[in-house]
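To start, the structure under review is shown below, and the notes come after it.
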Protein chains: 2
Amino acid sequence: MARKATLYDVAELAGVSIATVSFAFTKPDRVKSDTLAAVMAAADQLGYVPSAAARGLARGRTGAIGLYAFDYLLDSDATDEQATDMPTARLFPLYADEVQRGVQVECRRRGYALMIGGTRAAPHLSQVIDVAGRVDGLIAFAGAVGETALKQVSGRIPVVELGGEVRVDGVRTIYVDNRQGMADLTSHLVTVHGHRRFGYLGELGTPEFRQRFDGFTATLRDAGLPVPPVTRSHPGDDPTAAAAVRGFLERGDLPDVLVCDTDQSALAAIDALRAEGLTVPGDVAVTGFDGIVAGELLSPALTTVRQPMEAIGRLAVRILVDTLAGVPDAHVHEPLRSVLVVGGTCGCPPPAGT
Amino acid sequence: MARKATLYDVAELAGVSIATVSFAFTKPDRVKSDTLAAVMAAADQLGYVPSAAARGLARGRTGAIGLYAFDYLLDSDATDEQATDMPTARLFPLYADEVQRGVQVECRRRGYALMIGGTRAAPHLSQVIDVAGRVDGLIAFAGAVGETALKQVSGRIPVVELGGEVRVDGVRTIYVDNRQGMADLTSHLVTVHGHRRFGYLGELGTPEFRQRFDGFTATLRDAGLPVPPVTRSHPGDDPTAAAAVRGFLERGDLPDVLVCDTDQSALAAIDALRAEGLTVPGDVAVTGFDGIVAGELLSPALTTVRQPMEAIGRLAVRILVDTLAGVPDAHVHEPLRSVLVVGGTCGCPPPAGT
DNA sequence: GCGCGAAATCTAAGCGCTTAACATTCGCCC
DNA sequence: GGGCGAATGTTAAGCGCTTAGATTTCGCGC
């Protein structure tokens with residue numbers, strides 16, 4: 001690995017000044033074609049790779065966008081590098097992963113590099129700051145970045161938060177119609193299946209979760225049905241789901257259907273129910289929200305509401321790029337729609353198989 | 001968005017020199033605790049976010065690792081931002097996506113930022129160079145980076161190539177036992193199902209594809225069976241798979257089983273077969289290679305060989321990080337194992353359902 | 001009160017690239 | 001041949017941070 005060539009080396013070899021080399025790369029038409037060729041030849045010969053750091057410093061922009069998430073999937077332990085991934089415990093890709101795909105696709109299309117950061121633990125300030133310092137704009141999942149950090153970062157670069165609400169000046173948000181999606185789902189359960197006794201598993205910690213619960217309660221109320229309390233469970237925290245299930249059982253108070261605020265919680269609940277010897281949807285129907293792949297993989301498939309995850313990611317990038325380009329109100333958009341996906345866990349018959 | 005605060009601003013507000021501020025952030029013990037507190041307070045007040053560009057320039061390292069891939073999944077068209085992702089055409093995540101997850105997990109664990117770049121079209125030199133200029137080490141999928149670029153980049157930073165063979169000095173490779181995996185699969189088809197007339201769909205363009213074909217032919221030969229020619233098909237290029245299928249039909253030469261070198265090709269082939277009114281595995285058995293989620297989602301599930309995708313990604317990061325740390329022979333490793341995953345498309349009965 | 005080494009700070013020289021401002025060259029026309 | 005504007009090049013001043021090496025400050029023992 002011979003020591004890296006710089007602009008100076010190329011300039012010397014090509015017999016021109018460093019400015020010319022710089023122009024040759026960034027504004028080829030400002031340079032005579034002979035010169036251009038000579039510079040390129042020299043660069044090639046030296047294996048010149050421009051330093052993005054230096055470029056970023058000089059330009060004041062890095063040409064990269066950051067994505068900051070936490071990971072609901074527990075990172076596998078340090079030592080299992082050799083372990084073959086287990087096909088049964090397949091939970092990847094989750095909501096965040098599919099959104100990330102959208103972000104990736106759009107970044108690529110727009111010519112931006114994508115910088116990925118994140119934690120599974122508490123979003124320690126310095127980590128966000130670290131990725132924030134590397135990019136021109138940041139996309140963050142709601143809850144992944146604390147308010148303090150958010151304020152700090154958004155004072156420097158534009159930030160789009162996914163699945164939150166505007167908490168901090170200058171932070172943009174992507175709107176998804178969580179409420180209507182959940183209302184559609186609940187309506188299906190009431191109308192098609194005639195369920196009356198509902199359970200609700202989830203949390204109300206973020207605006208999107210609250211919207212889901214709103215859609216749920218509004219529909220029940222319209223149907224003249226009682227609204228159950230929220231039984232707490234955090235996506236990715238399977239024990240809480242299991243505990244919730246046991247709670248219902250112990251109280252002898254199992255609902256007809258357990259509506260969960262995420263697919264991840266729903267899957268955990270189903271696992272717990274089946275572990276207790278109950279069948280889904282036989283003894284209890286269960287539904288989720290998000291539309292992750294693991295839900296489709298389930299047998300029968302999970303009834304859920306699908307969010308347009310890829311679209312969310314792409315829109316976030318678009319907003320950021322436009323904002324950076326100075327487009328006014330780049331963040332204004334229609335809420336993205338979420339759609340009911342009927343699987344088998346609500347009690348609907350499985351589709352005719354192949 | 002007030003203009004970004006720099007080290008100078010913080011230093012001034014805290015009443016110390018910039019060096020002290022720098023130390024406060026990077027080597028806190030070299031600074032008296034009162035000073036440290038004062039600096040932090042000032043930084044907080046100003047919303048100071050250190051510039052990674054400047055830091056990278058000064059340090060000569062960026063603290064980031066790059067991942068460069070092409071995308072077999074055709075990027076959705078520009079305008080469908082609003083379109084709800086289609087649940088039926090679900091192909092994500094592909095092989096590369098799962099490897100990427102491994103890379104992400106490991107980068108996070110090691111405290112490296114991850115920079116993602118890539119093309120779906122020809123790997124134009126400058127794009128690779130762009131990400132190469134931003135990172136301390138690069139992970140690239142075989143074929144994603146041309147040899148010229150590879151040479152150029154590997155002269156500057158360590159590079160690990162996935163699924164290739166060493167072509168360029170200094171480029172490391174991750175070894176997966178493709179040959180044995182395919183041999184196990186073929187063996188299953190011969191022994192358990194008694195298939196005799198084989199078809200092989202795929203290509204031989206990269207070493208790993210050649211290894212798969214080797215495992216296939218060796219097993220057939222051992223069994224005294226004739227080795228079919230390779231019918232060309234490129235993963236992600238469904239029309240070639242469809243054409244291949246039509247070719248068999250037209251020649252009236254449909255094999256008992258069509259062994260494909262990737263799951264993606266297998267899925268395309270199955271689509272094509274079913275479109276022609278044939279059943280899988282009834283009329284023809286089909287197998288894949290990789291172990292992508294879409295294969296599991298198929299009904300019946302695709303019989304395939306699973307690669308330890310996440311492990312591949314993690315190992316790549318480990319090699320890079322160790323190499324950067326100066327560990328000698330950091331890239332030496334046992335080949336990772338690939339394992340046979342029996343689904344239904346080979347003719348095996350589906351597992352007892354729930 | 002003085003002298004010393006250790007601890008805490010500061011000074012200043014880059015890191016590699018961009019770009020405004022200035023200097024040359026060229027091609028053309030009169 | 002001289003003059004001019006356009007096309008090319010060059011000079012040099014940063015961009016914000018790290019880090020040797022110089023300098024100052026402190027805590028102590030005598």
Side-chain angles (χ1 to χ4, degrees), chain A residues 2-40 42-43 46-64 126 129-130 132-136 156-157, chain B residues 2-40 42-43 46-64 126 129-130 132-136 156-157:
Chain A
R3 235 26 276 153
K4 50 211 178 177
T6 72
L7 213 46
Y8 293 87
D9 304 318
V10 177
E12 188 177 344
L13 181 57
V16 296
S17 77
I18 59 162
T20 301
V21 177
S22 178
F23 284 135
F25 279 101
T26 54
K27 306 181 162 56
D29 11 302
R30 251 172 101 359
V31 159
K32 210 185 347 175
S33 64
D34 300 8
T35 319
L36 212 185
V39 169
M40 290 312 184
L46 283 94
Y48 172 64
V49 175
S51 149
R55 183 170 285 182
L57 222 208
R59 284 216 265 247
R61 301 177 307 96
T62 66
S126 65
I129 296 299
D130 180 52
R134 301 168 180 275
V135 300
D136 294 335
R156 226 194 182 251
I157 55 176
Chain B
R3 235 26 278 153
K4 49 212 180 173
T6 73
L7 212 46
Y8 293 89
D9 304 316
V10 177
E12 189 178 343
L13 181 57
V16 298
S17 77
I18 59 163
T20 301
V21 177
S22 178
F23 284 136
F25 280 101
T26 56
K27 308 182 161 56
D29 12 300
R30 256 170 99 358
V31 160
K32 213 189 336 178
S33 64
D34 301 8
T35 320
L36 213 185
V39 169
M40 290 312 183
L46 289 131
Y48 171 63
V49 175
S51 150
R55 183 169 284 183
L57 220 209
R59 285 217 264 246
R61 300 177 309 96
T62 66
S126 64
I129 298 299
D130 180 52
R134 301 169 180 275
V135 301
D136 294 335
R156 229 196 181 250
I157 55 176

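Everything numeric in this text was worked out from a predicted model, so none of it was measured. Labels below follow one simple rule: chain letters A, B, ... track the order of the sequence lines, proteins then strands, and each chain is numbered from 1.
Put simply, CG on B:L46 and OH on B:Y48 are 10.5 Å apart, with the number rounded to the nearest 0.5 Å.
Mapping B:V31 and B:A58 onto DNA chain C by nearest heavy atom places B:V31 at the nucleotide closer to the 5' end. The residue among B:L7 and A:K32 whose nearest nucleotide of DNA chain D is located toward the 5' end is A:K32.
When rounded to the nearest whole Å, the span between CZ of B:F23 and P of C:dC10 equals 11 Å. Separating the CZ atom of B:R61 from the P atom of D:dC17 is a distance of 17 Å, rounded to the nearest angstrom. Between the P atom of D:dT25 and the CG atom of B:D34 lies a distance of 16 Å, rounded to the nearest Å. Separating the CD atom of A:E12 from the C1' atom of D:dT10 is a distance of 16 Å, rounded to the nearest angstrom. What separates NZ of B:K27 from C1' of C:dA7 is a distance of 16 Å, to the nearest Å. Rounded to whole angstrom, the span from the CZ atom of A:F25 across to the C1' atom of C:dG16 amounts to 13 Å. One atom, CG of A:L57, and another, C1' of C:dG16, lie 9 Å apart when rounded to the nearest Å. Spacing between atom CD1 of B:I18 and atom P of C:dA13 amounts to 12 Å, rounded to whole angstrom units.
The residue A:V21 sits apart from the nucleic acid: no heavy atom pair falls under 4.0 Å. Using a 4.0 Å heavy-atom distance criterion, A:T20 is classed as a base contact. Note on A:S17: a base of the nucleic acid sits closer than 4.0 angstrom, heavy atoms only.
B:I157 has its side chain out of reach of B:R61: every pair of non-hydrogen atoms, C-beta onward, lies at least 4.5 Å apart. Looking at B:P50 and A:I129, their side chains come closer than 4.5 Å, going by heavy atoms from C-beta outward. B:V31 is not listed as a side-chain neighbour of B:V39, based on a closest heavy-atom distance of 4.5 Å or more.
Candidate nucleotides D:dG16, C:dA12, C:dT19 were compared by shortest atom distance to the side chain of A:S22, and C:dT19 ranks first. Closest to the side chain of B:R59, out of D:dT19, D:dT11, C:dC17, is D:dT19. Nearest to the side chain of A:A54, among D:dC17, C:dT9, C:dG16, sits C:dG16. Distances were taken from every side-chain heavy atom of A:T35 (C-beta onward) to each of C:dC17, D:dG9, D:dG16; the shortest belongs to D:dG9. Listed nucleotides: C:dC17, D:dT11, D:dC17. Nearest to the side chain of A:A19: D:dT11. Nearest to the side chain of A:R30, among C:dT19, C:dA21, D:dG16, sits C:dA21. Comparing C:dC17, D:dC15, D:dC17 against the side chain of A:Y48 picks out C:dC17 as the nearest.
Judged purely by atom type and a 3.5 angstrom limit, B:R55 has no side-chain atom pairing as donor or acceptor with the backbone of A:A53. A:R156 contributes a side-chain N or O that, together with a main-chain N or O of B:V49, makes up a donor-acceptor pair within less than 3.5 Å.
In terms of polar N and O atoms assigned as donor or acceptor, the side chain of A:Y8 comes within less than 3.5 Å of the base of C:dC17 in a complementary pairing.
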